[in-house]
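Chain letters run A, B, ... following the sequence lines, proteins first and then strands; every chain starts at 1. All values derive from a computational prediction rather than experimental measurement.
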Amino acid sequence: MSARWRPISKRIPASPCLRSSRKILNPSITIPPMPSYPGATRGVVMHFSKTLIPTLKEDPVDAQVISHRLMLRAGLIRPLGAGIYTWLPLGLRVLRKVEAIVRQEMDQAGAQEVLMPAVQPGELWQESGRWEQYGKELLRFVDRHDRQCCFGPTHEEVIADLVRREIRSYRQLPANFYQIQTKFRDEIRPRFGIMRGREFLMKDAYSFDLDQAGLDVSYQTMFETYQRIFNRCGLAFRAVEADTGSIGGASSHEFHVLADSGEDVIVSCDQCGYAANLEKAVAAHVEAGAVESLEEMQRVATPGQKSIEAVAQFLKIPTSRLVKSLLVETAAGPVLLLLRGDHALNLVKAAAALAVSQLTIPEPERAAQLAGVEMGSMGPVGSRLPILADQAVQGLRNFVCGANESGWHLQHVNWGRDLPLPAFADLRNVVAGEPCARCAGGRLVRHQGIEVGHVFKLGDKYSQALGVRVLDRQGLEQTLVMGCYGIGVSRIVAAAIEQNYDQNGIIWPKALAPFQLELIVLNPREAQEVAAAEGLYQALLADGVEVLLDDRDERAGVKFKDADLLGIPLRLLVGGRSFKEGMVELQSRRGDLSERLPLATALSSVMALLGS
RNA sequence: CGGGGUGUAGCGCAGCCUGGUAGCGCAUCGGCUUUGGGAGCCGAGGGUCGGAGGUUCGAAUCCUCUCGCCCCGACCA
């Protein structure tokens with residue numbers, strides 16, 4: 001046997017003191033000596049020159065949204081494949097900051113941290129029924145024994161399985177388990193970098209209660225915890241009422257970071273606290289105002305005019321005078337939906353109004369076949385299809401709609417006279433400026449948002465399917481009610497950038513910044529500057545400050561540009577003109593602070609700022 | 001999934017139409033000068049031109065297939 005096969009223990013150096021071995025492994029991290037006085041914590045110094053922070057001068061051409069561009073340019077992440085990224089040292093520090101806040105607040109709220117497997121057996125998903133339901137977003141594969149597996153996009157099944165095995169008594173309740181785990185969802189089209197990747201870091205929590213009242217308490221606790229988390233992250237956000245989707249019934253809120261680049265539309269009232277996502281948002285129904293006299297219905301030729309816009313222009317009337325007829329298919333057959341020309345169909349509302357779980361928009365050919373006329377000319381008059389109309393068309397008089405005849409529309413159509421009054425329901429997206437349904441006088445405002453959190457009362461969907469039961473006080477078996485609570489940890493990093501940047505780069509909120517302070521040594525060849533900087537960072541370390549030390553032998557301009565790009569909130573400059581006068585310069589990234597300080601008092605000034 | 005685009009050095013791109021020694025800028029390495037907002041000069045290294053097959057004396061270039069990536073769309077008729 002060669003020396004390679006000696007017992008492992010003999011190859012481990014003696015005295016593997018953590019501090020010294022860590023220094024050897026990563027010379028760029030300086031672990032400071034123990035704090036100089038009680039109450040002080042240990043800081044961190046990272047040497048720019050010894051750390052992989054690959055900043056880019058030019059914008060990566062593929063990146064469209066600001067956070068994606070800046071995360072690549074600032075050297076926080078690098079792509080590996082579609083929607084999958086490596087987190088580099090600086091980016092990882094930010095991710096860890098978010099994690100730490102989430103973890104602290106979850107622990108504070110009484111949740112217990114666990115770590116569940118990323119790879120899950122297909123059987124479990126078959127048990128819940130989601131193996132078939134979940135679709136292509138679920139990444140499935142087989143192991144060497146041909147067992148079906150999936151990479152967890154979420155963990156309801158796993159946690160339900162754990163709880164049904166381990167929790168037997170109501171006395172062990174309520175319980176809330178959370179984890180911070182890598183998830184994978186095989187998105188149709190991953191985009192926007194970290195904002196909508198396929199692999200992402202998520203905090204998911206699951207509460208278990210004996211009854212609905214218990215769930216209400218757990219839910220409320222999480223709701224408040226989420227507000228604390230996003231506040232601590234320094235984000236402008238909004239909690240909105242959300243649609244509960246196919247599970248139905250139970251309540252749900254989404255937390256959105258407000259940003260113009262957000263993919264979601266949320267609606268809020270400018271007077272009361274009402275806020276909801278677009279799928280769910282409702283406006284107060286207003287009866288039509290002025291009543292015009294009824295005019296004679298007539299056919300009007302509209303050759304080749306197939307869109308609402310085109311017909312409106314052709315007839316020289318506003319789109320709000322048109323009624324558009326949308327054909328949808330349900331399990332119970334096709335239905336003709338009527339909306340005002342300037343309104344947009346809300347599929348979720350329509351499905352609810354029709355009491356069906358699935359609504360599909362047929363392909364044009366199929367729609368034409370079902371309606372007996374091409375799509376641009378469909379209309380309710382004389383149609384033999386069941387009709388459901390949006391409330392907003394109820395008050396219309398003398399409106400225009402398709403004539404069910406290619407190339408023709410009907411003008412001056414009126415309810416009751418030209419066609420029977422159909423059933424009405426709320427089928428559309430609200431429009432900015434509409435009156436609030438919850439208060440008097442409020443107006444609805446639309447915002448773009450990035451969904452970073454979602455709390456959901458699951459009820460017994462999974463506990464029923466998987467048999468999660470305990471004995472209650474009477475010794476009777478009870479099925480537990482569950483809540484689930486997610487936070488997109490990695491997405492928060494991107495969302496924070498979407499909300500905090502300028503033309504020069506990122507401007508981190510204090511709580512998420514990878515470092516509290518960037519210390520720039522203007523000229524690392526000047527021994528005096530280096531000595532002064534070293535004295536400063538040793539002192540900062542002892543006071544528990546996280547410092548990025550830009551000790552690179554680069555020109556001043558390069559360091560300034562990179563500092564702007566990286567977005568660390570405070571910058572302390574040692575060197576150059578001011579140094580010759582015994583001064584250092586302290587600046588904030590936001591630009592609201594720029595002052596010269598005597599080297600001797602710099603430390604206390606920095607500490608005062610960081611403390612504030 | 002449908003439509004479009006693109007793939008040439010680490011990054012950004014030209015070359016392709018019209019086949020004939022693979023180029024530019026930035027970055028990297030060395031030298032000199034410079035040094036407070038992405039320096040200058042000189043020199044150097046670095047490329048299976050996404051992959052496979054084909055046409056041709058000869059393919060980054062033409063043809064076929066394939067893979068990756070990006071964009072748009074997947075309610076607004």
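- Closest contact between the side chain of Ala344(A) and the listed nucleotides G38(B), C76(B), G37(B) involves C76(B).
- Going from the P atom of C26(B) to that of G40(B) covers 7 Å, rounded to whole Å.
- If you measure from atom CG of Asp550(A) to atom C1' of G38(B), you get 13 Å, rounded to the nearest angstrom.
- Considering only residues two or more places apart in sequence or on other chains, Lys349(A) meets the salt bridge (charged side-chain N to carboxylate O under 4.0 Å, His left out) condition with Asp426(A).
- Within the 4.5 Å cutoff, the side chain of His68(A) has no heavy atoms near those of the Arg191(A) side chain.
- When Watson-Crick and G-U wobble pairs are counted only if both distances are under 3.5 Å, C69(B) pairs with G5(B).
- Side chain of Lys561(A), nearest nucleotide from U34(B), G37(B), G36(B): G37(B).
- Using the Watson-Crick or G-U wobble rule with both distances under 3.5 Å, G30(B) pairs with C42(B).
- Residue Phe560(A) contributes atom CZ, which lies 15 Å from atom P of U35(B) at whole-angstrom precision.
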I'd like to know whether Ile194(A) forms a side chain to side chain contact (heavy atoms under 4.5 Å, CB included) with Phe200(A), so could you lay out the CA-CA distance, the side-chain angles of the two residues, the decisive distance to 0.1 Å, and finally the verdict. CA-CA 8 Å; Ile194(A) 291 297; Phe200(A) 55 98; over 6 Å; no

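- Taking atom NZ on Lys559(A) and atom C1' on A39(B), their separation rounds to 15 Å, with Å as the unit.
- Residues passing the side chain to side chain contact (heavy atoms under 4.5 Å, CB included) test with Thr55(A), sequence neighbours excluded: Ile53(A), Asp562(A), Leu565(A), Leu566(A).
- In this structure, Asp502(A) and Arg589(A) have side chains that are in contact, with non-hydrogen atoms separated by less than 4.5 Å.
- Sorted by first and then second residue, the pairs that involve residues 523-537 of chain A and meet salt bridge (Lys or Arg N to Asp or Glu O under 4.0 Å), not counting sequence neighbours, are Arg525(A)-Asp553(A).
- Side-chain contact between Trp125(A) and Leu138(A) is present, with at least one heavy-atom pair separated by less than 4.5 Å.
- Using a 4.0 Å heavy-atom distance criterion, Ser377(A) is classed as making no nucleic acid contact.
- Going from the C1' atom of C32(B) to that of G19(B) covers 44 Å, rounded to whole Å.
- Residue contacts for Leu339(A): at a heavy-atom cut-off of 4.0 Å it reaches no nucleic acid atom on any strand shown.
- In this structure, U61(B) makes no Watson-Crick or G-U wobble pair, since no nucleotide meets both defining distances under 3.5 angstrom.
- In this structure, the side chains of Val545(A) and Tyr537(A) stay at 4.5 Å or more apart for every pair of heavy atoms.
- Taking atom P on both nucleotides, G3(B) is separated from A74(B) by 16 Å, rounded to a whole Å.
- Remark on RNA chain B: of its neighbouring residues Asn429(A) and Arg577(A), the 5'-side contact belongs to Arg577(A), judged by nearest-heavy-atom nucleotide.
- Remark: the Glu585(A) side chain and the G36(B) base include a donor-acceptor N/O pair separated by less than 3.5 Å.
- Taking Pro435(A) as the reference, Ala284(A), Val286(A), Arg443(A) meet the side chain to side chain contact (heavy atoms under 4.5 Å, CB included) condition, with sequence neighbours excluded.
- Summarising the geometry, the separation between CD on Glu187(A) and C1' on C1(B) is reported as 14 Å, rounded to the nearest angstrom.
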Pairwise N/O distances under 3.5 Å, protein to nucleotides 31-33 of chain B:
none

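- Between the CE atom of Met583(A) and the C1' atom of G36(B) there is a distance of 16 Å, rounded to whole Å.
- Between C49(B) and G68(B), the two C1' atoms lie 15 Å apart (nearest whole Å).
- One finds a side-chain N or O of Lys57(A) lying less than 4.0 angstrom from the OP1 or OP2 phosphate oxygen of A27(B).
- The salt bridge (charged side-chain N to carboxylate O under 4.0 Å, His left out) check on Arg596(A) picks up Glu581(A), with sequence neighbours excluded.
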Can you check nucleotides 43-50 of chain B for protein contacts, nitrogen or oxygen pairs under 3.5 Å, and list what you find?
none

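- A search for salt bridge (charged side-chain N to carboxylate O under 4.0 Å, His left out) contacts involving Arg299(A) returns Glu405(A), not counting sequence neighbours.
- Nearest to the side-chain atoms of Leu565(A) among the listed nucleotides A74(B), G38(B), U35(B) stands G38(B).
- Asp418(A) meets the salt bridge (charged side-chain N to carboxylate O under 4.0 Å, His left out) test with no other residue; sequence neighbours excluded.
- For the P atoms, the distance linking C67(B) with A59(B) amounts to 25 Å, nearest Å.
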Give me, pair by pair, the N or O atoms of the protein and of nucleotides 70-72 of chain B that are less than 3.5 Å apart, along with how far apart they are.
| residue | atom | partner | partner atom | Å |
| --- | --- | --- | --- | --- |
| C72(B) | OP2 | Arg189(A) | NH1 | 3.0 |
| C72(B) | OP2 | Arg189(A) | NH2 | 2.7 |

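- Arg525(A) comes within 4.0 angstrom of a nucleotide base, judged by non-hydrogen atoms across all strands.
- If you take atom C1' in G15(B) and the same atom in A52(B), they sit 24 Å apart, rounded to whole Å.
- Nucleotides of RNA chain B nearest to Val328(A) and Asp564(A) differ in position, and the one nearer the 5' end is that of Asp564(A).
- Not counting sequence neighbours, the partners of Gln499(A) by the side chain to side chain contact (heavy atoms under 4.5 Å, CB included) test are Leu235(A), Ala236(A), Val257(A), Leu258(A).
- Separating the CG atom of Asp553(A) from the C1' atom of U34(B) is a distance of 12 Å, rounded to the nearest angstrom.
- Heavy atoms of Arg78(A) sit nowhere under 4.0 angstrom from any nucleic acid atom.
- The residue Asp562(A) sits close to a base: some heavy atom pair falls under 4.0 Å.
- Taking atom P in both A14(B) and G50(B), the straight-line distance is 13 Å, to the nearest Å.
- The partner of C24(B) is G12(B), by the rule that a Watson-Crick or G-U pair needs both atom distances under 3.5 Å.
- Taking only side-chain atoms of Glu58(A), from C-beta outward, the nucleotide of G38(B), G25(B), G36(B) with the closest atom is G25(B).
- The CD atom of Glu529(A) sits 14 Å away from the P atom of U35(B) (whole-angstrom rounding).
- Whole-Å rounding puts the Leu52(A) CG to G10(B) C1' distance at 12 Å.
- Among the protein residues, Gly575(A) comes within range of the nucleic acid bases, having at least one heavy atom under 4.0 Å from a base atom.
- Within the nucleic acid shown, Arg198(A) has no heavy atom closer than 4.0 Å to any nucleic acid atom.
- Straight-line distance between the C1' atoms of C65(B) and C71(B): roughly 24 Å, to the nearest whole Å.
- Applying the salt bridge (Lys or Arg N to Asp or Glu O under 4.0 Å) test to residues at least two apart or on different chains, the pairs with a partner in residues 378-391 of chain A are Asp390(A)-Arg428(A).
- Between Phe399(A) and Arg340(A), every side-chain heavy-atom pair lies at or beyond the 4.5 Å cut-off.
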